[in-house]
Amino acid sequence: MPRVNGLHHITAISGPPQENADFYAGLLGMRLVKKSVNQDDPTTYHLFYADAEGHPGADLTFFPWAHMAPPRMGHGLAVEVSLEIPTGSIEYWQARLDTSGAPVGAVEQRFGDRVLPVMDPHGMKVALVEPAAPRSRLFTPWEGSQVPADRQVRGLHSARLWEREASLTTAFLTEALGFAHLGTEDGWMRYGFTDVAGGVDIRETPDERRGAWGVGCVHHLAWRVDDDTHELAMRAQVEAAGARPTPVIDRFWFKSVYFKEPGGVLFELATDGPGFAVDEAPEHLGETLVLPPWLERQRAVIESGLPPLRLG
Ligand code: ZN
């Protein structure tokens with residue numbers, strides 16, 4: 001049975017773009033690998049942070065919809081994003097985040113990993129995870145980062161989901177997407193893969209209300225597929241499991257299919273290629289506003305409507 005290959009990217013909703021860039025590119029030292037616009041709402045940036053090359057699995061992206069209200073936390077939402085940091089780097093990160101004044105929590109143990117929780121400037125929970133047994137992943141350090149190469153964020157580790165009826169979601173993860181149950185601890189069920197990075201932790205929250213999107217919450221989770229053939233096979237499997245996938249949508253840097261899992265969290269399938277270097281030289285990723293070809297004619301209008309964004 002075909003399966004997905006862990007996380008491809010996570011997209012979240014942020015407040016003002018400059019504060020978002022100051023936190024993820026500045027404090028966390030990730031590379032802004034693509035500066036574009038929301039393809040369905042070109043008055044809003046779409047900002048992509050990742051490792052130096054923007055590998056699948058490294059990419060955290062944001063729609064800065066600053067006018068939105070805060071989220072209504074509840075079931076059917078991803079409530080935290082975890083980023084992987086190198087073994088032995090948690091003290092470095094604790095000191096760096098403390099010095100910056102970011103609201104950082106105490107170090108926790110989760111599934112044998114050391115975890116440092118912090119909140120981003122718009123209220124999104126982020127956890128830096130030092131895995132006891134790191135999974136294989138592609139990573140290229142970013143030499144333009146304020147963070148030394150051996151301390152840099154390696155990529156996406158996981159996300160935490162609240163679900164009203166967890167069994168519906170866990171059955172879908174295993175049967176439609178090929179996840180494995182990796183363990184249960186403190187009420188969190190971990191699903192992922194033993195060979196590739198990027199999974200989910202699920203908590204059943206039957207007493208919570210239905211969650212709703214807002215500034216400071218996750219918009220969707222995207223899962224890696226190799227290519228078009230793999231994507232269509234996974235799409236068929238998702239449809240057979242009762243979900244309603246969209247047709248394949250060309251997002252230019254990858255091809256996407258969207259659907260809601262049974263608990264209501266928005267998922268995406270995204271191809272590994274062609275990647276972020278398809279329309280910019282690898283050494284200049286993220287430096288200029290990149291538009292899909294059908295929006296190029298409106299570039300002047302789009303650029304004049306976007307706030308300036310400074311890096312570094
Ligand atoms: Zn996406």
Side-chain angles (χ1 to χ4, degrees), residues 4-14 17 20 24 30-42 44-51 53-65 68 71 76-83 124 126 155-161 173 176-177 196-200 213-228 230-232 234-235 238 243-261 263-279 285-286 290-292 294-295:
V4 298
N5 297 319
L7 278 165
H8 183 286
H9 64 270
I10 293 179
T11 294
I13 302 169
S14 78
N20 178 257
Y24 289 97
M30 298 171 79
R31 184 179 190 188
L32 180 73
V33 291
K34 195 64 64 180
K35 181 168 60 174
S36 189
V37 292
N38 182 314
Q39 293 183 14
D40 304 311
D41 169 19
T44 302
Y45 276 121
H46 191 183
L47 303 175
F48 299 70
Y49 305 95
D51 70 332
E53 291 190 59
H55 284 114
D59 182 19
L60 180 57
T61 94
F62 290 89
F63 301 135
W65 279 325
M68 274 184 99
L77 274 192
V79 298
E80 185 194 72
V81 171
S82 292
L83 300 170
M124 190 166 87
V126 177
L156 300 166
H157 178 273
S158 56
R160 280 185 152 183
L161 272 50
L173 287 174
L177 299 179
V196 291
V200 288
W213 287 336
V215 168
C217 89
V218 172
H219 187 270
H220 64 266
L221 310 178
W223 306 105
R224 291 177 61 190
V225 291
D226 298 329
D227 52 25
D228 295 3
H230 186 197
E231 181 155 66
L232 289 173
M234 292 310 306
R235 186 186 179 283
V238 161
R244 301 178 61 186
T246 64
V248 175
I249 299 170
D250 190 350
R251 292 307 192 192
F252 214 55
W253 311 295
F254 39 81
K255 289 185 182 168
S256 299
V257 169
Y258 300 86
F259 53 95
K260 285 197 169 173
E261 55 83 24
V265 180
L266 184 59
F267 279 5
E268 174 183 346
L269 305 170
T271 53
D272 275 359
F276 293 117
V278 73
D279 53 7
L285 292 178
V290 171
L291 297 175
W294 63 91
L295 290 175

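Each ligand, and each atom within it, is numbered from 1 in the order the structure gives.
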Output field: ring centroids Phe267/His220 closer than 6.0 Å | no

Under the 3.5 angstrom rule, does the side chain of Glu53 hit a backbone N or O of His55 as a donor-acceptor pair?
-> no

So does His8 have any N/O/S atom less than 2.8 Å away from the Zn ion (ligand 1)?
-> no

With the Zn ion (ligand 1) as the reference point, give the N/O/S atom of Glu268 that is nearest.
-> OE1

Distance-only polar pair, side chains of His8 and Glu268, donor-acceptor under 3.5 Å = no

Of all N, O or S atoms in His220, the one closest to the Zn ion (ligand 1) is NE2

Please determine if the Zn ion (ligand 1) has an N/O/S atom from His219 lying under 2.8 Å away.
-> no

Glu231 versus Thr271, side-chain donor and acceptor atoms under 3.5 Å = no

